[in-house]
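Naming: A, B, ... by sequence-line order, numbering from 1 per chain.
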2 protein chains.
Amino acid sequence: MNAEIITIGDEILIGQIVDTNSAYIAEQLNLTGVSVYRKTSVSDSRKHIMENIDRAFTTSDIIIVTGGLGPTSDDITKQVLAEYFGARCMKIHEPSLEIIKNLMHRLNIPLSETNRRQAELPDCCIPILNKNGTAPAMWFEHNGKILVSMPGVPFEMKAIMNDVIHMIGNHFNLGTVYHKTLLTYGIPESVLAEQIKEWETGLPEHLHLAYLPNPESGVRLRLSAYNINDKNSLIKEIDDYFDSLRKILKTAVYGENSDSLASSVGKLLQQKQAMLATAESCTGGRIANMITANAGSSGYFVGSVVAYSNAVKIKTLGVNASDIENYGAVSEQVVCQMAQGVRIALNADYAVATSGIAGPDGGSIEKPVGTVWIAVATPRKVVAQRYVLSTLRDVNISRASAIALNMLRLELINEN
Amino acid sequence: MNAEIITIGDEILIGQIVDTNSAYIAEQLNLTGVSVYRKTSVSDSRKHIMENIDRAFTTSDIIIVTGGLGPTSDDITKQVLAEYFGARCMKIHEPSLEIIKNLMHRLNIPLSETNRRQAELPDCCIPILNKNGTAPAMWFEHNGKILVSMPGVPFEMKAIMNDVIHMIGNHFNLGTVYHKTLLTYGIPESVLAEQIKEWETGLPEHLHLAYLPNPESGVRLRLSAYNINDKNSLIKEIDDYFDSLRKILKTAVYGENSDSLASSVGKLLQQKQAMLATAESCTGGRIANMITANAGSSGYFVGSVVAYSNAVKIKTLGVNASDIENYGAVSEQVVCQMAQGVRIALNADYAVATSGIAGPDGGSIEKPVGTVWIAVATPRKVVAQRYVLSTLRDVNISRASAIALNMLRLELINEN
């Protein structure tokens with residue numbers, strides 16, 4: 001079963017907004033066993049919208065459209081769909097009008113004619129309530145195939161998509177699909193490919209492997225199976241293949257599916273009932289930011305000292321001024337004292353520290369831009385490692401942060 | 001001049017990653033006067049890639065392709081393009097091989113055959129160096145039209161896209177284009193539109209205004225002129241229009257072009273030769289991260305205390321324990337003491353502090369999720385403000401960080 005996602009809006013084509021909707025919709029469709037054949041973004045143009053719907057129906061049974069349902073003159077999706085599906089008239093959808101009235105009432109705004117018109121829908125569609133906004137969604141059927149039109153506001157779309165997924169499940173008789181992803185860090189994609197070549201060639205026809213590399217999160221390995229008869233035995237089969245993969249990749253594997261380096265570190269800390277602190281120079285708070293992006297991180301993270309100036313390194317973290325003098329702030333001596341210093345100052349069990357030259361300036365021959373010292377302090381020891389990353393500031397900051405989290409992760413695992 | 005962007009990769013169609021590349025590429029193309037006709041995402045399938053290139057060439061002179069250039073078996077873009085453009089053979093591109101060798105050397109990884117093969121390119125393409133990765137880009141010409149294939153790793157793609165834009169400008173000898181953008185924060189788009197209506201209607205035919213709203217950075221107002229004859233007089237003309245616009249919007253304007261709230265704050269601090277510190281609870285280091293993203297920020301930023309636990313608020317920032325007890329950590333009393341505390345502890349002139357409930361848990365009736373207190377401490381006073389943002393954790397963290405930087409910016413301006 002194929003689907004096409006069509007996002008409508010000039011703001012997407014001029015690059016003004018990043019389209020996050022289609023990723024969410026694609027994920028939801030895949031989870032129900034619908035594979036997305038193609039994603040297309042077109043402008044608010046009658047001709048383009050019509051053309052691309054025609055084309056999508058030639059390859060897909062399901063078309064999901066977002067955008068162009070706003071109240072302003074450049075939002076034409078509803079009119080174009082009414083024409084495309086041969087609506088005889090537009091009809092007020094009372095439940096939607098109620099929602100609009102309540103919304104305006106809550107915002108203390110008198111109901112305008114423009115608001116009212118948003119509840120007008122083509123008579124040939126099945127309305128889907130939008131509980132969070134003024135633009136209802138529409139379900140059209142067309143020779144057994146369907147098209148669903150949803151507003152582009154992400155949180156409105158997401159709520160509606162839940163209902164749409166159920167309606168699709170009822171309308172079509174879908175085969176099951178299953179995906180599982182193993183997350184690895186520290187092995188470049190090409191090296192990884194060599195290491196697991198034998199395992200990969202041993203995979204059966206019905207299991208599809210995908211490499212998903214990302215400089216910040218490492219390489220994700222995803223196994224997918226479509227049109228499953230016996231889901232339980234398939235889940236077991238994929239688990240078995242991943243078990244043997246874990247034996248090959250060992251501690252390079254940091255999690256599964258939606259885990260992140262930070263959330264994996266969080267789980268390890270929770271298992272030890274231990275608290276973490278960070279002391280960040282070149283990463284400037286990015287590591288703390290990655291950790292606190294996870295709900296519940298206050299359960300294992302006390303905080304961070306972003307020691308950007310040497311004065312803060314000395315005063316707040318207790319780094320030895322003469323060591324900064326003798327070895328420089330970007331040195332093993334200083335980064336180890338930063339890690340140990342923040343562990344004590346913030347009364348944590350574990351700490352990670354970074355000190356480096358993010359660039360573009362500040363590099364030298366012996367310490368080029370991209371040079372980063374990273375230290376991990378545990379209740380038992382302090383370890384440090386030097387890296388030379390890239391010449392790009394933002395890359396150095398994000399890479400160093402990921403490497404630091406991974407160093408911490410490995411220490412937490414290896415001391416077990 | 002039309003362009004189509006084709007992003008290749010199963011990971012996009014399954015919704016495992018959000019495609020940020022195409023927004024960046026679309027923006028860059030628009031800035032050179034090329035309009036994006038359509039964006040398409042297809043799977044790593046020979047048939048789909050071929051079909052969609054054929055179709056794109058019927059409506060566009062420029063096709064930008066990203067993705068599918070990795071070293072692994074599921075990356076087929078290079079082979080498909082070689083076939084599509086009738087390559088006679090694959091040839092090692094020595095400069096690219098050099099980069100790959102150096103990269104592997106820096107990572108202490110032996111050069112594998114897989115790595116080597118990444119430097120093999122179809123003989124019918126013009127290679128474009130990828131200075132930041134192992135997959136070079138390729139430029140193909142086809143009856144005067146062009147197709148460019150770039151790797152999907154965002155920071156690699158962005159660096160290459162700079163060269164591609166220049167090559168496109170030369171190939172199609174596009175007329176001169178000039179853009180200038182004024183950056184505003186704190187005024188909703190619809191209100192802004194009302195305020196500048198008169199100014200907007202007074203704009204001449206040859207100047208095009210674009211509203212570029214963004215929840216994190218406010219509304220950007222961009223004036224564009226295409227096919228310019230006399231660039232100097234045009235620059236003067238646009239400057240004059242922006243001067244009158246500044247008179248209308250006053251302190252809501254925080255910068256121009258590539259400025260950010262953080263870099264604008266940095267400039268103001270440098271003018272005062274003053275140093276900044278931050279104390280972050282709910283923003284978890286995001287503000288420090290935004291500031292230190294700017295090269296040279298060590299000239300005005302001493303550091304931050306991410307005080308996630310109350311213990312750190314009390315011990316490191318000197319917040320009164322009984323005030324946390326009586327008013328809660330998310331309160332005016334506590335956030336003001338955090339700002340003043342970090343200003344003194346880190347020996348800074350100015351400080352900004354945040355304390356809030358990022359969510360999804362921890363909310364109450366009087367302090368719902370999204371409640372954030374933000375304080376700014378100057379050498380003369382401490383001011384605080386309460387906001388209720390959203391129910392989404394990531395939105396609350398980024399909004400609160402932007403609002404905090406803007407509050408600081410306004411204090412720095414108004415005390416002059």
Task: Check against side-chain contact (heavy atoms from CB on, under 4.5 Å), A:I14 and B:L212 - done: CA-CA 10 Å; A:I14 67 171; B:L212 310 172; 4.3 Å; yes

TODO: Check the pair B:I12, B:I17 against side-chain contact (heavy atoms from CB on, under 4.5 Å), reporting the backbone distance first and the verdict last.
DONE: CA-CA 6 Å; B:I12 295 171; B:I17 65 161; 4.0 Å; yes

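Of the possible polar contacts, one joining the A:N294 side chain to the A:M290 backbone as a donor-acceptor pair under 3.5 Å is found. Put simply, the side chain of B:N132 never gets that close to the backbone of B:E156: no donor and acceptor are under 3.5 Å apart. Side-chain atoms of B:D44 come within 3.5 Å of backbone atoms of B:D10 as a donor-acceptor pair (strictly under, hydrogens ignored). When atom types are taken as modelled, the side chain of A:S304 and the backbone of A:T278 share a donor-acceptor pair closer than 3.5 angstrom. Of the possible donor and acceptor atoms, none in the side chain of B:T283 sits under 3.5 Å from a partner among the backbone N and O of B:R286. For B:N130 (side chain) and B:A135 (main-chain N/O), a donor-acceptor pair under 3.5 Å exists by modelled atom type. A donor-acceptor pair under 3.5 Å is formed between the side chain of B:S398 and the backbone N or O of B:V395. Using modelled atom types, no side-chain atom of A:N2 and backbone atom of A:S60 make a donor-acceptor pair closer than 3.5 Å.
Using a 4.5 Å cut-off between heavy atoms, A:P213 makes no contact with chain B at all. Contact of B:Y24 with chain A is not made at all, since no heavy-atom distance falls under 4.5 Å. A:N289 touches chain B through backbone and side chain together, each having a heavy atom under 4.5 Å away. For A:S258, no part sits under 4.5 Å from any heavy atom of chain B, backbone or side chain. Only the side chain of A:R393 has a heavy atom closer than 4.5 Å to any heavy atom of chain B. Heavy-atom distances place both the backbone and the side chain of B:V305 under 4.5 Å from chain A. Of the two parts of A:T316, only the side chain, counted from C-beta on, holds a non-hydrogen atom closer than 4.5 Å to a non-hydrogen atom of chain B. At a 4.5 Å heavy-atom cutoff, the contact between B:Y211 and chain A is made by backbone atoms alone. Only the side chain of A:V312 has a heavy atom closer than 4.5 Å to any heavy atom of chain B. B:S112 touches chain A through its side chain: at least one heavy atom from C-beta onward sits under 4.5 Å away, while N, CA, C and O do not. Neither the backbone nor the side chain of A:H208 comes within less than 4.5 Å of any heavy atom of chain B. Contacts between A:A311 and chain B at a heavy-atom distance below 4.5 Å are absent for every atom of the residue. When heavy atoms are compared at a cutoff of 4.5 Å, B:N310 does not approach chain A at all. With a 4.5 Å cut-off on non-hydrogen atoms, A:D394 does not touch chain B at all. Proximity to chain B is limited to the side chain of A:I397, based on heavy atoms less than 4.5 angstrom apart. Contact annotation for A:Y37: both backbone and side-chain heavy atoms come within less than 4.5 Å of a heavy atom of chain B. Residue A:V388 touches chain B through both its backbone and its side chain, counting heavy-atom pairs closer than 4.5 Å. Using a 4.5 Å cut-off between heavy atoms, A:L392 contacts chain B through its side chain alone, with no backbone atom that close. The part of A:E200 that comes within reach of chain B is its side chain, from C-beta onward, which places non-hydrogen atoms under 4.5 angstrom from that chain.
Put simply, of A:G359, A:S297, A:A358, the one with the most heavy-atom pairs under 4.5 Å next to chain B is A:S297. Of all the listed residues (A:A307, A:P188, A:A23), the one sharing the greatest number of non-hydrogen pairs under 4.5 Å with chain B is A:A23. Highest contact tally toward chain B, considering only A:N30, A:I5, A:T20, is held by A:N30 [criterion: heavy-atom pairs under 4.5 Å]. Counting heavy-atom pairs closer than 4.5 Å to chain B, the top-ranked of the candidates A:Q28, A:E11, A:H179 is A:H179.
Applying the 6.0 Å contact sphere to NE2 of B:H105 captures no more than 12 heavy atoms from other residues, nucleotides or ligands.
A salt bridge links A:K197 to A:E194: at least one charged side-chain nitrogen sits closer than 4.0 Å to a carboxylate oxygen. Classification of B:E51 and B:K47 as a salt-bridged pair holds, one side-chain N sitting under 4.0 Å from a carboxylate O.
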